[in-house]
Amino acid sequence: MKMGFICPEAKSPLAKHQFISALRCIARGLPLHSAHMDKDSVAEVLKEIGVFLELKGENPFKTRAYVNGARILEGLTESLDTLIEEERLGDIKGIGAALVEKITELVETGELEYYKELKASIPPGLIEMLDITGMGPKKVKAVHEKLGIKTVKQLESACKKGKVAELDGFGKKSEEKILEGIEFKRKHASHHHRHKALLAAEPILMDLRSHPDVIRCDIAGSLRRSKEVNGDIDFLVSAKKSEDIIEAFTQREGTLSVLAAGNTKASVLLEGGIQADLRVVDDSEFASALAYFTGSKEHNIVMRSRAISRGLRLNEYGLFKSKEETRDPKLRLNCKTEEDIFKALDLAYVPPELREDRGEFEAAEQNKIPKLIEWTDLKGSLHNHSDWSDGQDSLEEIAEQMSGIDCAYWAITDHSKASFQT
DNA sequence: CAAGGTGA
DNA sequence: GCCTGTGT
DNA sequence: ACACAGGCCGTCACCTTG
């Protein structure tokens, strides 16, 4: 659907929502002005406010409160309208008076004055700058305020002119890095489809597995959580000594450049612009490290809080029987696998796919984690393209695959020659 | 070297 | 921003 | 009941600046 053509200004979630909402009204034959926001649209606005506040240099905890609120809304099972109507929104932990007011305004009017003002006060280019590696909120704020820079282009030319190096906290090196970051952003996608990431990851995983020093080894991060889009690829390895593993990882062919290589971790850029990170840990730390690096961040936060409320402490090195920061092996609970960690926190095992703090903790407490669909559950497939049109594999290869996974039925659905997509 | 910022 | 403990 | 203060998840590696 070419929405941009019909609704050219639909750039903010708010405007986009209003547009879609209007479409729905038309479809149902309802009057247009019942602008009604659902929880996800409201969440988008709150998240955006979070970014804005960050750029303003607001209290980071305040920023977090908004992002937090957004996440809570997304995970809501109950209808937002009901909650507002019955004035129970504020009962939810993490949503206080201020958020109740703002959410209510959004749902009831489809707008939020506070958001509008905030948005108007921040040039969109600043958000874009946050995507440049090395440019965090503080630095974006600095170049904006001190040099009046509003776009990435302006930032680029300011760096070339040496203006940026004059600023406090910046130097020649900073300018170079920023320019590199801009260049990189133009050349490479920031995110990659799962199948591409997997394609890149599998041979590396094979190599790591077959390395003599490697004890245990796994993919972590969003790829392990089976997210459809991945920012990078994370590998975790346990071993007695790391040097040779790091060496092998960074010296693989197909590696464009080595971003960092130290004692316990390395980072490389693969062909196609995908970044791959490797961590090497002691085998006794493998479980906690795997849990930690698998994430998500939101999930980890709740895991740590759970540990704390049980007089424990959870970090990438283990689960410790202590209220203080520690890495003392004597205080460490022996968790050989992730299952052990969940068990120690009174939780059923949560598969990586569900680790998003979207309700998995409630389910795991009651031992009600759903069984996830697996390949073997697939009964048939009615949409397959071969390389005759725009698919990847030949008919023979598809046939072999399909008989291999025991489908009751399947079909080839190639495009006709007349409708080839280019 | 410490401090600040950033990314992981 | 939110939440909790403390003191009034 | 209300006002107010203080904490809020975690740790490291790394870089740049001063």
Side-chain angles (χ1 to χ4, degrees), chain A residues 46-47 49-50 52-54 56-72 89-103 114 118 129-143 164-178 180-181 190 220-222 231-236 246 259-268 275-281 285 288-289 291-309 312-320 322-327 345 357:
Chain A
L46 295 188
K47 276 192 246 175
I49 291 176
F52 293 153
L53 292 179
E54 209 171 22
K56 293 227 146 188
E58 260 286 5
N59 178 343
F61 294 105
K62 182 171 173 177
T63 304
R64 195 183 298 168
Y66 275 94
V67 178
N68 218 24
R71 238 192 39 243
I72 292 168
L89 203 51
D91 297 348
I92 302 172
K93 193 170 161 168
I95 299 188
L99 281 182
V100 168
E101 212 169 287
K102 294 189 171 69
I103 294 169
Y114 176 68
L118 211 49
M129 283 183 220
L130 282 177
D131 279 350
I132 302 168
T133 312
M135 288 292 286
K138 308 278 168 60
K139 298 207 163 163
V140 170
K141 186 164 181 274
V143 296
V164 172
E166 295 168 14
L167 263 45
D168 284 350
F170 293 81
K172 264 265 155 299
K173 212 83 167 181
S174 311
E175 278 180 341
E176 284 167 29
K177 286 207 138 191
I178 292 171
E180 274 171 33
S190 64
S222 64
D232 64 1
I233 305 173
D234 296 293
F235 296 97
L236 180 69
I246 301 270
L259 273 28
N263 251 307
T264 62
K265 66 178 198 177
S267 192
V268 299
Q275 188 178 323
D277 295 341
L278 169 70
R279 323 247 168 179
V280 185
V281 301
E285 297 170 340
S288 54
Y292 179 83
F293 290 120
T294 296
S296 66
K297 200 172 69 191
E298 289 74 21
H299 173 90
N300 284 350
I301 289 172
V302 179
M303 288 290 278
R304 289 194 195 102
S305 321
R306 280 189 83 90
I308 288 172
S309 71
L312 303 170
R313 219 156 170 98
L314 179 63
N315 56 36
E316 57 187 292
Y317 305 104
L319 183 58
F320 298 92
S322 164
K323 299 190 178 184
E324 314 286 308
E325 177 202 334
T326 179
R327 243 194 270 179
L345 299 178
D357 188 22

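The sequence lines fix the lettering, A, B, ..., with proteins before strands; numbering per chain opens at 1. Side-chain atoms are counted along with the backbone in the values below, which use heavy atoms only and exclude waters and symmetry mates.
Residues from residues 61-72 of chain A with heavy atoms under 4.0 angstrom of DNA chain D, sorted by number: A/Phe61, A/Arg64.
DNA chain B contains the following stems of three or more consecutive Watson-Crick or G-U pairs, with both distances under 3.5 Å: B:1-7 with D:12-18.
Using a 4.0 Å heavy-atom distance criterion, A/Phe293 is classed as making no nucleic acid contact. Contacts of A/Ala97 with the nucleic acid, taken as non-hydrogen atoms under 4.0 Å apart, involve only primed sugar atoms and P, OP1 or OP2. Contacts of A/Leu46 with the nucleic acid, taken as non-hydrogen atoms under 4.0 Å apart, are absent. Contact annotation for A/Pro137: backbone-only contact, meaning every heavy-atom pair under 4.0 Å involves sugar-phosphate atoms and none involves a base. Contact annotation for A/Leu53: no contact, since no heavy-atom pair falls under 4.0 Å across all strands.
Here the side chains of A/Ser288 and A/Asn315 are not in contact, with every heavy-atom distance at 4.5 Å or above. A 4.5 Å side-chain heavy-atom check between A/Leu312 and A/Leu345 finds at least one atom pair inside the cut-off.
In the set D/dA13, D/dT17, C/dG1, D/dT17 carries the atom at the smallest distance from any side-chain atom of A/Lys173.
The NZ atom of A/Lys139 sits 12.5 Å away from the CG atom of A/Leu130 when rounded to the nearest 0.5 Å. Rounding to the nearest 0.5 Å places CE of A/Met135 at 5.0 Å from CD1 of A/Ile178.
Each of A/Asn59 and A/Thr264 was matched to the nucleotide of DNA chain D holding its nearest heavy atom; the match closer to the 5' end belongs to A/Asn59. Mapping A/Tyr292 and A/Lys172 onto DNA chain D via the closest heavy atom, the residue that lands nearer the 5' end is A/Tyr292.
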Should A/Leu314 and A/Asn300 be marked as a side-chain contact (heavy atoms from CB on, under 4.5 Å) after you check the CA-CA gap, both sets of side-chain angles, and the distance that decides it? CA-CA 9 Å; A/Leu314 179 63; A/Asn300 284 350; over 6 Å; no
Audit row: A/Val143, A/Met129, side-chain contact (heavy atoms from CB on, under 4.5 Å) steps and yes/no: CA-CA 10 Å; A/Val143 296; A/Met129 283 183 220; 4.3 Å; yes
Test side-chain contact (heavy atoms from CB on, under 4.5 Å) on A/Asp357 and A/Ile301 and set out the steps. CA-CA 9 Å; A/Asp357 188 22; A/Ile301 289 172; over 6 Å; no
Between A/Thr133 and A/Glu180, does a side-chain contact (heavy atoms from CB on, under 4.5 Å) hold up when you go through it step by step? CA-CA 9 Å; A/Thr133 312; A/Glu180 274 171 33; over 6 Å; no
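Between A/Asn315 atom CG and D/dC12 atom P there is a gap of 8 Å when expressed in whole angstrom units. Rounded to a whole Å, the OH atom of A/Tyr317 is 9 Å from the P atom of D/dT11. Between A/Lys93 atom NZ and C/dC2 atom P the separation is 14 Å, expressed in whole Å.
Without hydrogens or angle criteria, A/Thr264 side chain to A/Val280 main chain gives no donor-acceptor distance under 3.5 Å.
The environment of CD in A/Glu101 is sparse: at most 12 heavy-atom neighbours from other residues, nucleotides or ligands sit within 6.0 Å.
Note on A/Tyr114: a side-chain N or O is less than 4.0 Å away from OP1 or OP2 of C/dG1.
With respect to A/Lys172 and A/Glu175, a salt bridge is recorded, a charged nitrogen being found less than 4.0 Å from a carboxylate O.
From the 5' end on, the contacts that DNA chain B makes with chain A at under 4.0 Å to a non-hydrogen atom open and close at B/dG5 to B/dA8.
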